[in-house]
Enquirer: 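Mind having a look at this structure? Questions to follow.
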Amino acid sequence: MIGLDTNIVVRYLTHDDPAQTASAVSVMDSLNSGSPGFLSLIVIVELVWVLEASYRFKKDEIMQVLDTLVRSKELVIERAEIVSQALRKFRSSRADFADCLIERGGHAAQCRYTATFDQNAAASAGMRLIH
């Protein structure tokens with residue numbers, strides 16, 4: 001297994017830099033179920049942020065990317081079940097993906113609730129608004 005940084009996945013998905021894209025494709029194409037790539041939670045959150053902020057991916061495009069990554073036999077996703085739960089919550093709410101992941105991570109850790117000052121996260125991701 002090899003760890004993959006966000007920039008490898010971004011180049012693979014966007015093909016925005018010819019030299020780096022070729023290298024990223026080579027790395028990604030070398031992966032298989034016996035020798036997978038590893039995506040940490042930080043990479044997943046960074047990936048969503050970069051695709052939204054820099055590449056203007058829409059919510060449905062982000063959901064498709066995440067769904068593909070989670071289902072891939074060539075990738076191991078850190079805390080894949082929590083990422084899948086966050087993706088389901090993201091799909092059905094107005095919450096940001098990071099907020100969904102934070103809330104689902106807290107739930108998995110058996111937190112009574114996740115406190116926030118973010119009104120949208122409280123309303124959409126199921127966190128508890130603190131005043």
Side-chain angles (χ1 to χ4, degrees):
M1 182 162 37
I2 63 166
L4 300 170
D5 191 11
T6 309
N7 52 33
I8 299 293
V9 183
V10 169
R11 294 292 94 69
Y12 182 76
L13 294 170
T14 65
H15 293 235
D16 64 343
D17 178 293
Q20 288 186 353
T21 294
S23 295
V25 167
S26 178
V27 168
M28 297 297 279
D29 286 351
S30 74
L31 303 175
N32 58 61
S33 60
S35 182
F38 174 77
L39 297 178
S40 70
L41 289 175
I42 293 169
V43 167
I44 298 294
V45 172
E46 276 188 342
L47 176 64
V48 171
W49 185 84
V50 168
L51 293 178
E52 288 176 338
S54 298
Y55 295 91
R56 305 290 186 227
F57 274 43
K58 305 278 188 257
K59 182 174 180 172
D60 61 325
E61 294 170 308
I62 296 292
M63 290 184 305
Q64 184 177 3
V65 166
L66 291 175
D67 192 49
T68 300
L69 295 176
V70 168
R71 294 178 187 271
S72 173
K73 302 290 186 216
E74 294 81 22
L75 297 171
V76 172
I77 310 293
E78 180 182 7
R79 309 291 308 262
E81 183 55 35
I82 293 172
V83 173
S84 293
Q85 290 172 11
L87 178 56
R88 285 191 294 276
K89 185 171 273 224
F90 178 62
R91 182 175 280 118
S92 65
S93 74
R94 293 180 297 109
D96 295 335
F97 178 76
D99 290 336
C100 294
L101 188 60
I102 291 166
E103 190 281 329
R104 291 287 79 199
H107 178 78
Q110 300 180 340
C111 297
R112 287 185 295 127
Y113 59 87
T114 298
T116 186
F117 290 120
D118 183 336
Q119 290 182 340
N120 186 54
S124 300
M127 294 184 197
R128 183 177 292 180
L129 186 62
I130 304 300
H131 302 280

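Position 1 is the first residue of the sequence; numbering continues from there.
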Enquirer: Ile42 and Leu75: same hydrophobic cluster, using ILVMFWY side-chain contacts below 4.5 Å?
Expert: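 No, no single cluster joins them.
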
Enquirer: Excluding sequence neighbours, so at least two apart, what forms salt bridge (Lys or Arg N to Asp or Glu O under 4.0 Å) with Arg71?
Expert: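 Arg71: salt bridge (Lys or Arg N to Asp or Glu O under 4.0 Å) contacts with Asp67.
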
Enquirer: Under the side chain to side chain contact (heavy atoms under 4.5 Å, CB included) rule, what do Val76 and Met1 come out as? Steps first, then yes or no, please.
Expert: CA-CA 9 Å; Val76 172; Met1 182 162 37; 3.9 Å; yes

Enquirer: Verify side chain to side chain contact (heavy atoms under 4.5 Å, CB included) between Val48 and Val65, making sure each step is shown before the conclusion.
Expert: CA-CA 9 Å; Val48 171; Val65 166; over 6 Å; no

Enquirer: Please enumerate all residues that pass side chain to side chain donor-acceptor pair (under 3.5 Å) together with Thr6, with sequence neighbours excluded.
Expert: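 Glu46.
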
Enquirer: Return each pair, listed once, that meets side chain to side chain donor-acceptor pair (under 3.5 Å) where at least one residue sits in residues 111-121; pairs must be two or more places apart or across chains.
Expert: Arg94-Asn120, Asn120-Ser124

Enquirer: Using a 4.5 Å cut-off between side-chain heavy atoms of Ile, Leu, Val, Met, Phe, Trp and Tyr, which other residues end up in the same hydrophobic cluster as Ile130?
Expert: Phe117

Enquirer: Taking atom CZ of Arg91 as the centre, does the number of heavy atoms from other residues, nucleotides or ligands within less than 6.0 Å exceed 12?
Expert: yes

Enquirer: Does Ser35 offer a backbone N or O that forms a donor-acceptor pair with the side chain of Asn32 under 3.5 Å?
Expert: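 At least one qualifying donor-acceptor pair exists.
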
Enquirer: What distance do Glu78 atom CD and Leu41 atom CG have between them, rounded to the nearest 0.5 Å?
Expert: 4.0 Å

Enquirer: Rounded to the nearest 0.5 Å, how far apart are CZ of Phe38 and CD1 of Ile2?
Expert: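 So the CZ of Phe38 and the CD1 of Ile2 are separated by 12.0 Å.
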
Enquirer: How would you list all residue pairs meeting salt bridge (charged side-chain N to carboxylate O under 4.0 Å, His left out) that involve residues 9-38, not counting sequence neighbours?
Expert: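 Every salt bridge (charged side-chain N to carboxylate O under 4.0 Å, His left out) pair that includes a residue of residues 9-38, provided the two are not neighbours, is Arg11-Asp16.
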
Enquirer: Using modelled atom types only, decide if a donor and an acceptor are shared between the side chain of Lys59 and the backbone of Phe90 within a distance under 3.5 Å.
Expert: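 Answer holds: yes.
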
Enquirer: Taking C-beta and beyond as the side chain, do Glu52 and Asp96 meet within less than 4.5 Å on heavy atoms?
Expert: no

Enquirer: What residues, two or more places apart in sequence or in another chain, satisfy side chain to side chain donor-acceptor pair (under 3.5 Å) together with Glu74?
Expert: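 Partners of Glu74 by the side chain to side chain donor-acceptor pair (under 3.5 Å) criterion, ordered by chain and then number, come out as Ser72.
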
Enquirer: Should the pair Tyr12 and His15 be assigned to parallel (<30°), tilted (30 to 60°) or perpendicular (>60°) ring geometry?
Expert: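 Because their plane-to-plane angle lies in the 30° to 60° range, the rings of Tyr12 and His15 count as tilted.
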
